[in-house]
Structure formats: structure tokens, C-alpha cells
Amino acid sequence: MLPQTLSHHPLENPMRWSRYYLFTTREVPADAEVVSHRLMIRAGMIKKVAAGIYSYLPFALRSLQKLEGIVRKELEKADCVELSMPAVQPAELWRESGRWEQYGKELLRIQDRHDRDFCFGPTHEEVITDIVRHDVRSYRQLPLNLFQIQTKFRDEIRPRFGLMRGREFLMKDAYSFHADEACLDRTYRAMADAYGRIFQACGLDYVSVDADSGTIGGSSSHEYMVVASTGESVVVRCQESGYAANVEKAIIGPLPTAPAEDPQPLLEVATPKTTAVAEVAEFLGVAEEKVVKTLIYEVDEALVAIAIRGDREVNEVKLKNLLDGDVVVLASEEKVRQATGSPVGFAGPIGLSEEVRLIADPTVRGLTNFVCGANKADAHFTGANWGRDASPQQWEDVLLAQGGDPTPVEGSTGVLEQFRGIEVGHIFKLGTKYSEAMNCNFLNEEGKGHPMAMGCYGLGIGRTVAAAIEQNFDEDGIIWPMPLAPFQVLLIALNPKDDEVVRQAEALYDQLRERGVEVLYDDRKGRPGVKFKDADLIGLPVRVVVGAKSLQEGKVEISLRRDRERQLVDVADAVGRVQEWIEGEAT
RNA sequence: CGGGGCGUAGCUCAGCCUGGUAGAGCGCACGCUUCGGGAGCGUGAGGCCGGAGGUUCAAGUCCUCUCGCCCCGACCA
């Protein structure tokens with residue numbers, strides 16, 4: 001998308017609703033589940049073309065462009081320079097980085113007329129690295145930081161929630177190149193600051209969290225989460241210690257453990273048909289924390305047993321990173337039988353098949369006389385103890401953190417709270433992963449070649465606008481934060497058949513435009529009720545109503561969408577008051 | 001990819017079990033009344049019932065296949 005300015009000469013840009021392309025609806029398809037999706041459809045912002053693929057109608061486009069403007073301004077402050085790369089990319093580059101094979105089905109692969117392979121870019125590390133390696137030779141040219149705002153495509157397994165998880169989506173992506181890690185660290189921090197300013201400027205309640213770096217790879221990574229109950233990500237945070245992380249990544253402080261007991265003999269007890277931890281615990285009259293749950297995972301071809309406290313869950317992202325497997329899934333019934341010699345539900349760390357690697361989570365380390373499956377149908381052990389009865393090959397943290405857990409920050413007694421968020425930004429330190437694979441090198445002071453250190457910084461444009469709605473709405477519609485509002489003001493001619501109403505409304509319209517106010521003028525020949533309902537639905541921050549009744553006293557009514565408290569002001573004062581309010585709402 | 005569901009008017013959906021004249025609400029057009037919180041009455045336009053095969057005297061309805069979409073689970077800005 002090319003840069004566009006919203007500060008056109010006002011009089012050249014008449015925005016009369018009767019001539020504008022904005023069609024609201026009362027009804028919404030049953031599958032629009034989340035608020036932002038429903039409201040964007042009802043407010044005539046987006047139109048689905050195919051699964052996960054939308055047209056941005058004019059009203060939505062203005063909001064997207066507002067956000068783009070904020071992003072540009074803040075990135076330029078961070079010395080980040082805009083460019084634009086192609087959406088369609090040759091397979092050749094992706095083969096060079098190794099991702100043509102790695103990326104999987106999410107990468108939309110296409111062929112041209114000569115049967116040459118291309119993909120529709122889901123991200124642009126390869127292209128940018130290719131550009132930079134040709135132009136940059138010397139450390140003197142570094143660091144560099146480049147960004148674009150562009151349409152990307154990821155062939156998501158399951159697109160949903162409108163713009164929140166489309167297949168085609170608008171993203172700002174930036175890439176930085178450095179002579180050393182220290183320089184990368186500085187830019188990474190500068191970008192983190194810029195992101196903070198961007199989300200703050202949008203009026204969003206957000207939090208930045210430690211994140212897993214996923215398929216993009218690299219060392220350090222942070223996500224920016226907009227707090228929303230409909231978010232698809234789960235986040236934990238400790239206000240006291242300042243720790244915040246995606247649960248995929250989150251670590252916790254040591255959990256309190258029961259005091260060690262004198263060892264008891266290992267005893268096999270009959271536990272007919274009790275497979276779930278809760279059942280076992282109740283049947284044997286022990287706490288769930290004293291049960292060691294053992295899960296059998298298939299990692300590529302191998303089998304791995306994971307021992308974890310009975311009342312807790314395994315974090316499969318951590319597990320996947322730990323085992324470095326392409327596919328990590330819970331084992332099939334058949335494989336479980338192979339590993340344990342018993343049906344699902346009776347696995348335990350004692351007496352597993354030789355070929356199964358046992359990994360135990362620290363949550364079970366301090367347990368004495370614990371309960372676990374006996375690797376035998378309808379049987380469990382009591383009085384089990386590490387060392388004497390079983391010894392894991394590895395102790396590794398594979399715990400899924402949850403609210404109420406202690407913060408991992410040493411010296412703090414803080415507790416994690418858990419909430420949901422929408423991931424609107426993600427920044428990574430890539431290191432030299434791509435520069436090495438693709439020979440993106442520079443010469444240092446000694447004239448020696450080195451791969452450049454890289455960072456990459458994504459920000460979902462469409463998703464952020466959706467998140468803004470997700471965070472700012474009521475039962476009647478959207479409540480735009482001023483910085484992202486498609487227009488600042490909605491001016492309504494309430495009785496379009498009344499000549500005086502029209503005359504005054506037109507005059508106000510001209511005056512507002514002359515002062516550079518972004519105003520949508522509802523000049524439609526509709527009934528008042530319809531206009532009010534539409535006004536609430538589309539949610540522009542400031543509303544000005546010119547109606548026959550108040551006009552008889554020389555007044556017009558102004559209100560904010562946020563609180564809808566109406567004030568009558570003299571016609572002559574209206575424009576000034578509106579401008580004051582716009583200033584006040586500008587966050 | 002596994003499991004479930006849906007394709008009928010511009011939109012949201014009924015009708016399908018139990019085969020026999022194509023429906024409702026909203027929207028749209030026209031008229032009269034109404035006119036500061038999605039008006040009332042009347043009239044009207046609008047459909048290859050996703051597509052292809054089959055069963056049947058007869059298929060929106062039953063069967064098979066296909067395409068598309070959606071929901072629940074494994075991916076990510």
C-alpha cells in the first residue's frame with residue numbers, strides 16, 4: 001500500500017454520506033463470533049471475498065490508513081526507512097534460506113506460466129536479505145533498518161474472526177541489519193520503544209511479553225498483546241516483579257512442595273477403570289499434586305514419556321523446542337501400549353520400555369511417596385520415590401504456566417495473573433540465521449567478512465484495528481479511539497426536509513472542513529431513528545446533530561460517542577467546541 | 001488433516017424427517033400517513049433451492065459424487 005495522506009485540502013474531499021460508500025446492516029451472519037468481526041460487518045467496513053480474504057471498504061480503509069500514519073511516524077523516529085517489496089516471491093530465495101522445505105502448507109505456493117515456483121509472501125526475510133547483501137559491503141554502511149506496509153498471505157489452517165485471523169492481511173514488517181549483536185540490541189530496544197509509542201498513540205491497553213520465536217527463528221522475541229477477552233493468546237503477568245510472558249514461553253518460580261516424608265515401600269494397588277488423575281487421586285484419597293502424571297509423546301519416530309505433577313498441564317511449545325522435533329503429538333493408543341504395556345491412563349515412570357526416554361518436569365522433583373501409573377491395566381503405584389524406583393534421563397521445564405503461579409523473578413513474592421490478549425506485534429532478534437544461509441556478509445574494520453546480525457519486527461495493521469474495536473465498543477456499536485477513527489466527526493442533518501436544518505448543517509459542514517476537521521456529513525434522506533442508530537454503530541468520536549427543535553433556539557447538539565452526554569451549544573460556538581473536543585480526545 | 005454442520009430472494013433464515021403450486025422477516029421500488037432513537041398501511045420487483053449424476057409419474061425434499069462455506073481440535077502479525 002502506498003503512502004497516503006489524510007490531510008488533503010478539505011474542500012476537495014466532500015464526505016457526504018449520501019455520496020459515500022458506507023452501507024450499514026442490521027443483520028449479521030451467525031458465524032461472525034467476535035465483536036470486532038460483527039461490528040465491522042454491520043458498520044459496512046469489510047466484505048468477505050473468500051475464506052479469510054476480505055475487501056476493505058472505504059470506511060475501514062480510512063482507519064487502516066490512520067494506523068499506517070501513526071506507524072510511519074513512530075518508525076521514522078527510530079530511523080527506520082520505508083520501502084516496498086513484492087508480494088510474490090521466487091522459490092529460489094526460499095530454497096536458499098531452507099524455508100521452502102520447512103515452511104509447510106501455510107506458504108501459498110504458486111507456479112507461473114513456465115511452471116517456475118513462486119510463493120505469495122507470508123513474510124520477507126529472504127527478499128530483504130537478498131536486497132541488502134547486494135548493496136551493503138562494509139560495516140560503515142551499517143546499521144540499517146527498513147520497513148514496509150504490505151499485503152501478506154498465510155494459508156492459515158483455520159481463518160476466523162474477520163480481520164483478526166485472515167489469510168490475506170496487512171502487515172508492517174521491518175528488518176534491521178547490524179555489524180554486531182550489541183548494535184542489534186540497541187535497535188531492538190529502539191523498536192520496542194517505538195511499538196510502545198504506537199500502541200499508546202492508538203489508545204490501546206497493551207502489554208509486551210516474552211514470546212516463543214516459532215518458525216521465524218532467532219534468539220530473543222517479544223510480543224505485543226492487546227488485552228481482550230476474545231484474544232487467541234494467553235498471557236501471564238506479574239505486576240509486582242514486572243514479568244510478563246506468553247504462556248507458550250512462560251516460566252514460573254518454584255511451586256511450594258509438601259515436606260519430604262520418610263520413604264514408604266513401593267506398593268502396587270488396584271485402581272480399576274481410574275485413568276484420569278482426578279479419579280485416581282479421589283480413589284486413593286490423595287491430593288492431585290501427589291500424583292505424577294505421565295504422558296507419552298510421539299516425537300517424529302521416537303517415543304518420549306513426560307512426567308509432570310498430576311494437576312498440571314504440559315506446555316507443548318516448550319516440549320517441541322526442547323525435543324527439536326518436526327512433529328510432537330500425544331502418542332496413539334497403540335504407541336502407548338507399546339511404550340507402557342498398558343492401555344492409556346496407567347502410564348508411569350517406573351518400568352517403562354527401554355526405548356522410551358523419560359523426561360520429568362521440576363514440579364515432581366520434590367515429591368516423596370508419590371502416586372503414579374503402574375504401566376499395567378487397572379493398577380497404580382503408591383509410595384513411589386525418585387532415585388529408588390525411577391530416574392528420569394532428564395529434568396526439564398515443560399510446565400504450562402497458569403494464573404496463581406509464583407513469578408520466576410528471584411527475590412519477588414509476586415504471583416502471576418492470567419489473561420487473554422490479541423497478538424498485534426511481534427519483534428525478534430534473528431541473529432545470523434538468514435544472513436549466514438544467504439551469504440549476507442560485510443567487511444569489518446580488519447577487512448574480514450562476517451554475516452550481519454539481523455532483527456525483524458512485525459505489526460499486524462488489520463489486526464490492530466480489529467483489536468481496537470475489540471477493546472472499544474458497547475451494545476450499540478463501535479466507540480472509535482480518536483487516533484484510529486475513520487472520521488473525527490459525524491455531522492447529522494436530522495430533518496433533511498427542513499430547509500433551515502439543511503442550511504445550517506451545510507454551513508457547519510463547510511466550516512468544519514475549512515478548519516481541516518475530518519467530518520462525515522449525514523445528509524441522507526432518512527428518518528432520525530435510523531440516523532441515530534447508524535451514528536452509534538459506526539461510532540465516530542464526536543457527533544453533531546442539527547435538528548429542527550434545537551435549531552429554533554439557535555442551538556445544535558454535540559456529544560461524544562464515549563459517553564453520549566449531549567450538550568446544546570449555540571450554532572456559532574459549535575465549530576470551536578468540536579475542535580476543542582477533538583483536541584481533548586486526541587490521547 | 002480428523003470430527004460435526006450449512007449451501008433456498010440482495011441479507012438473515014424457515015421449508016427437507018413424512019416427495020405433489022417457492023416461503024417469512026429485513027432490505028429494495030412506488031403511494032398515502034408518519035418524522036428526535038432502526039415507523040404504519042397498501043402495492044410491487046426479485047429464485048436454475050451451490051453444481052453434476054441417479055431413484056421416481058413427480059425431487060428444494062430421497063441416494064451418490066463434487067464444489068464452496070462454517071464450527072470444534074494441531075499454526076501465527
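Residue numbers begin at 1 in each chain, while the letters A, B, ... track the order of the sequences.
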Just name whichever nucleotide pairs with [N], Watson-Crick or G-U, keeping both distances under 3.5 Å, else none.
N	answer
B:C1	B:G73
B:C57	B:G20
B:G68	B:C6
B:G44	B:C28

Problem - A:Asp361 (side chain) donor-acceptor with A:Val398 (main chain) under 3.5 angstrom - result: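 Looks like yes, one N/O pair under 3.5 Å.
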Practice task
Please check if the side chain of A:Tyr195 supplies one atom and the backbone of A:Gly458 the other of a donor-acceptor pair under 3.5 Å.
Solution key: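 Checked: pair present.
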Exercise for the section: Could you tell me if the ring centre of A:Tyr103 sits under 6.0 Å from that of A:Trp94? Expected result: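 They qualify: ring centres under 6.0 Å apart.
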Minimum-distance nucleotide to [X] side chain [options: [options]]:
X	options	result
A:Glu156	B:C75, B:C76, B:C35	B:C75
A:Arg160	B:G38, B:A77, B:C72	B:C72
A:Pro528	B:C35, B:A77, B:C72	B:C35
A:Arg463	B:C70, B:C26, B:C76	B:C76
A:Glu423	B:C72, B:C76, B:A74	B:C76
A:Ala51	B:C35, B:C69, B:G36	B:C69
A:Val530	B:A77, B:C72, B:A39	B:A39
A:Lys549	B:G36, B:C76, B:A74	B:G36

Looking only at N and O atoms, is any donor in the side chain of [X] or the base of [N] less than 3.5 Å from an acceptor on the other one?
X	N	value
A:Glu27	B:G27	no
A:Arg42	B:G38	yes
A:Arg527	B:U34	yes
A:Arg165	B:C76	yes
A:Thr25	B:G27	no
A:Asn495	B:G36	no

Exercise for the section: Nearest 0.5 Å please: distance from the CZ atom of A:Phe120 over to the CZ atom of A:Arg167. Expected result: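 The distance works out to 12.0 Å.
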Handout entry: Torsion-based syn/anti label for B:U21, 90° from 0 as limit
Key =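 What B:U21 shows is a syn base, its glycosidic angle lying within 90° of 0.
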[X] near the nucleic acid: base, sugar-phosphate alone, or nothing, with a heavy-atom cut-off under 4.0 Å?
X	answer
A:Thr464	nothing
A:Lys48	sugar-phosphate
A:Gly547	base

Exercise for the section: May I ask you to verify if any side-chain N or O of A:Arg26 is less than 4.0 angstrom from the OP1 or OP2 atom of B:U12? Expected result: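 Looking at the OP1 and OP2 atoms of B:U12, neither is under 4.0 Å from any side-chain N or O of A:Arg26.
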Practice task
Could you say whether the aromatic ring of A:Phe169 and the base of B:A77 stack, counting only centre distances under 5.5 Å and plane angles under 30°?
Solution key: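 Yes, A:Phe169 stacks on the base of B:A77.
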Practice task
Assess whether atom NZ of A:Lys47 is packed by more than 12 heavy atoms of other residues, nucleotides or ligands within 6.0 Å.
Solution key: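 No.
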Problem - Rounded distance (Å) that lies between atom C1' of B:U12 and atom CD of A:Glu33 - result: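 From A:Glu33 CD to B:U12 C1': 17 Å.
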Problem - Salt bridge present between A:Arg337 and A:Glu334 (N-O < 4.0 angstrom) - result: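 Here A:Arg337 does not pair with A:Glu334 in a salt bridge, since their nearest N and O are not under 4.0 Å apart.
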